[in-house]
Amino acid sequence: MSIDTTPAPRERIDTTTPALDVRGLKKVYTGHGRDVEAVRNLTFTIRSGELVCIVGPSGAGKTTLLRCISGLLDVTDGEVVLDGKKVTEPPPGMAVVFQEYGRSLFPWLTVRQNIELPLKEKGLKKAERAEKVQTAIDAVGLTDSADAHPWQLSGGMQQRVAIARAVAYEPSVLLMDEPFAAVDAQTRADLEDLVRDLWHKFKVTVLFVTHDIDEAVYLGERVLVLSHRPTVILEDVKITLPDERSQLETRSTKEFADLRHHVYEQIQKAKQGFRPDGDTA
Amino acid sequence: MNLSSLARQLLLAIALPIVLLVLWWFISANNTSPFWPSLETIFKAFPTTWTADRIMADIMPSLARLALGYGLALIIGVALGTLIGLNRTVRALLEPALEFLRAIPPPVLVPIIALFVGYSGWTGKIAAIALGCLWPILLNTVEGVRGLDEVLVDTSRTYRFRKPTYFYQVVLRGSSPQVATGARQALSLGVIMMVISELFAADNGLGAAIVQAQRSFAIPQMWTGIILLGVIGFLLSVIFRVVEHRALAWYRGLRQSERGS
């Protein structure tokens with residue numbers, strides 16, 4: 001199997017500076033008379049410029065993990081370090097695209113205003129804001145809908161707005177929490193290509209959480225496979241697919257099928273409660 | 001909306017009032033009871049009763065007090081409601097007391113307020129109107145703030161919105177549909193409180209004018225005051241609707257798109 005051999009050379013990946021460093025992350029929910037350990041001793045690093053997917057079985061605590069990384073949730077133990085600074089609240093260098101696109105956009109603002117507001121909060125001048133907003137709107141293909149309200153758009157287009165807002169913010173790391181789980185299959189394929197496209201264009205570092213194995217393999221440069229609760233990382237899979245990917249070609253290659261097969265196997269093991277050596281649930 | 005459908009809507013809206021007025025006109029036409037003067041008599045009493053002087057002396061003070069009391073209730077209600085809505089502990093602490101206070105019919109407050117500031121004068125009347133309007137605004141604001149979408153709140157946290165932006169763009173605008181519901185209820189309560197606050201001292205104001213007319217058996221004049229009150233109440237609610245229609249256009253659109261999908 002060609003999995004752990006020779007990663008595709010990517011010059012623009014700066015292998016020396018980690019953008020995001022998660023060390024020994026642990027999250028225990030307390031309450032209702034019992035403690036629930038959702039995440040246990042989870043460690044991984046994302047280098048600047050990478051596109052990493054996290055995939056795990058249902059109920060693997062993916063959302064918990066993402067909320068801890070984004071500083072929305074306090075961690076029980078361990079630490080999350082972004083740009084060399086420990087995360088204790090939502091950090092300035094991070095943008096999050098949520099699954100619930102309809103609920104993460106401000107319905108009283110237009111598309112343009114939705115994208116502009118975070119930039120305003122960042123303290124950018126008006127001309128600079130206008131330019132960045134327009135670039136982002138054009139990049140996600142919403143040029144004609146810039147002055148519409150989010151509720152006038154389809155689900156896929158709403159998620160494009162959320163993505164444009166995140167990209168315009170120019171974060172060190174862009175977190176995406178199952179962003180396409182609620183859109184139909186065709187829209188989903190378009191949005192996946194959009195993510196690859198924006199990643200190339202804006203050189204943004206992306207951490208993409210999904211439950212969809214195909215999506216993870218198709219999008220990522222690396223796929224982190226999560227175990228069942230309490231969550232740890234089962235395997236860090238290098239995706240050796242070529243940099244230019246297409247829904248039609250890439251998905252029908254043998255390499256894609258092999259990688260998909262391998263990740264699928266890991267997920268099945270995870271569902272059956274398999275854990276790395278020396279760790280017991 | 002084209003012109004003919006607009007005309008149709010207008011016709012539907014004014015059809016019943018016209019029928020009722022016509023009925024009133026003919027049924028009361030040959031009435032001999034002094035307490036039920038004919039509509040014709042009432043109409044004829046209008047220009048002599050509501051002269052420019054009287055408008056300045058009675059209607060204007062009433063409306064000014066209503067505006068002040070209502071505005072005060074709006075500011076206090078939204079500010080306090082936001083505070084209570086955002087803090088679970090404060091909410092648990094205050095909610096039973098608020099429900100109790102809300103259950104007290106506001107008119108009963110007028111004599112109590114009078115104990116402190118007297119019946120005449122503006123302070124007591126404005127306080128009565130404000131207290132009457134406060135509860136629906138306050139409680140609806142609490143509900144609105146509590147019902148804020150958590151994804152929206154998370155979004156504003158991850159983009160590190162500053163406090164003022166968060167309060168205006170997320171909390172205030174997010175709860176504005178519920179605040180508007182409370183404000184609409186409060187408006188009709190405000191008109192009621194405006195009249196009631198004037199009945200006791202009966203020194204000036206629209207309510208006072210009606211009581212004075214009734215006490216001096218100027219029955220047609222009394223009726224003109226009552227009709228005028230109805231018209232004012234109606235106009236106020238029309239103004240409210242126009243403002244709401246413009247300010248909450250996004251909310252109507254959102255609801256429509258949710259029903260459509």
Side-chain angles (χ1 to χ4, degrees), chain A residues 63 66-67 69-73 82 87 89-110 113-124 148-155 157-158 161-162 165-166 168-171 173-177 179 182 184, chain B residues 78 82 85-86 88-89 92 140-141 143-183 242-261:
Chain A
T63 298
L66 201 122
R67 288 179 66 84
I69 294 173
S70 60
L72 289 169
L73 206 58
L82 178 77
V87 171
E89 53 166 9
M94 199 176 271
V96 185
V97 174
F98 295 94
Q99 181 186 332
E100 305 90 342
Y101 48 82
R103 290 165 54 198
S104 84
L105 299 171
F106 297 94
W108 44 87
L109 300 179
T110 63
Q113 291 167 335
N114 261 289
I115 301 171
E116 188 181 11
L117 189 54
L119 304 184
K120 225 185 228 171
E121 291 307 288
K122 223 177 172 182
L124 297 190
H149 283 84
W151 37 267
Q152 292 170 308
L153 309 175
S154 67
M157 284 164 90
Q158 287 182 29
V161 179
R165 179 171 65 185
Y169 194 65
E170 296 179 342
V173 172
L174 168 57
L175 298 186
M176 303 183 90
D177 182 15
D184 63 83
Chain B
V78 171
T82 305
L86 285 176
R88 196 175 302 169
T89 317
N140 277 287
T141 306
E143 279 310 303
V145 172
R146 179 158 55 177
L148 283 177
D149 197 311
E150 53 200 75
V151 180
L152 222 48
V153 175
D154 280 350
T155 301
S156 54
R157 280 184 65 198
T158 56
Y159 286 119
R160 298 165 61 92
F161 284 11
R162 284 169 293 199
K163 272 263 151 58
T165 314
Y166 176 68
F167 275 110
Y168 175 68
Q169 280 295 359
V170 185
V171 178
L172 202 59
R173 297 202 72 177
S175 61
S176 59
Q178 278 82 358
V179 175
T181 304
V242 171
V243 173
E244 189 188 21
H245 191 88
R246 300 201 58 160
L248 293 182
W250 65 268
Y251 186 63
R252 274 197 321 284
L254 180 69
R255 293 290 299 273
Q256 258 166 25
S257 73
E258 277 171 358
R259 275 198 298 273
S261 61

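Protein chains get the first letters and strands the later ones, always in sequence-line order, with residue 1 at the start of each. Any value given below was found using the heavy atoms of this structure, including those in side chains, with hydrogens, waters and symmetry copies removed.
- Heavy-atom pairs under 4.5 Å with chain B peak, among A:G71, A:P92, A:S70, at A:P92.
- Comparing A:E121, A:Q152, A:Q99 by how many heavy-atom pairs each has under 4.5 Å with chain B, the most go to A:E121.
- Looking at A:F106, both its backbone and its side chain come within 4.5 Å of chain B, counting heavy atoms on both sides.
- For the atom pair NE2 of A:H149 and OG of B:S257, the computed distance is 11.5 Å after rounding to the nearest 0.5 Å.
- Heavy atoms of B:V170 lying under 4.5 Å from chain A belong to its backbone as well as its side chain.
- Going from atom CG of B:D154 over to atom CZ of A:R67 covers 4.5 Å, rounded to the nearest 0.5 Å.
- Ranking B:S176, B:G174, B:A249, B:G253 against chain A, the residue ahead of the rest is B:G253, based on heavy-atom pairs under 4.5 Å.
- Taking every heavy atom of both residues into account, B:E150 and A:R103 meet most closely at CG-NH2, 3.8 Å.
- The nearest pair of heavy atoms linking B:T158 to A:P90 is CA-CB, 3.8 Å.
- The OG1 atom of B:T155 sits 5.0 Å away from the CZ atom of A:R165 when rounded to the nearest 0.5 Å.
- Taking CZ of B:F161 as the start and NZ of A:K120 as the end, the distance is 10.0 Å to the nearest 0.5 Å.
- Chain B forms the most heavy-atom pairs under 4.5 Å with one residue out of A:V97, A:L72, A:L105, A:L117, and that residue is A:L72.
- Residue contact with chain B, scored on non-hydrogen atoms closer than 4.5 Å, is absent for A:L119.
- For B:D149, the part lying near chain A is the side chain, with the backbone staying farther off; criterion is any non-hydrogen pair under 4.5 Å.
- Within 6.0 Å of CZ on B:R252 lie more than 12 heavy atoms contributed by other residues, nucleotides or ligands.
- Donor-acceptor pairing under 3.5 Å is recorded for the side chains of B:Q169 and A:W108.
- We find the CZ-NZ distance between B:R160 and A:K122 to be 11.0 Å, quoted to the nearest 0.5 Å.
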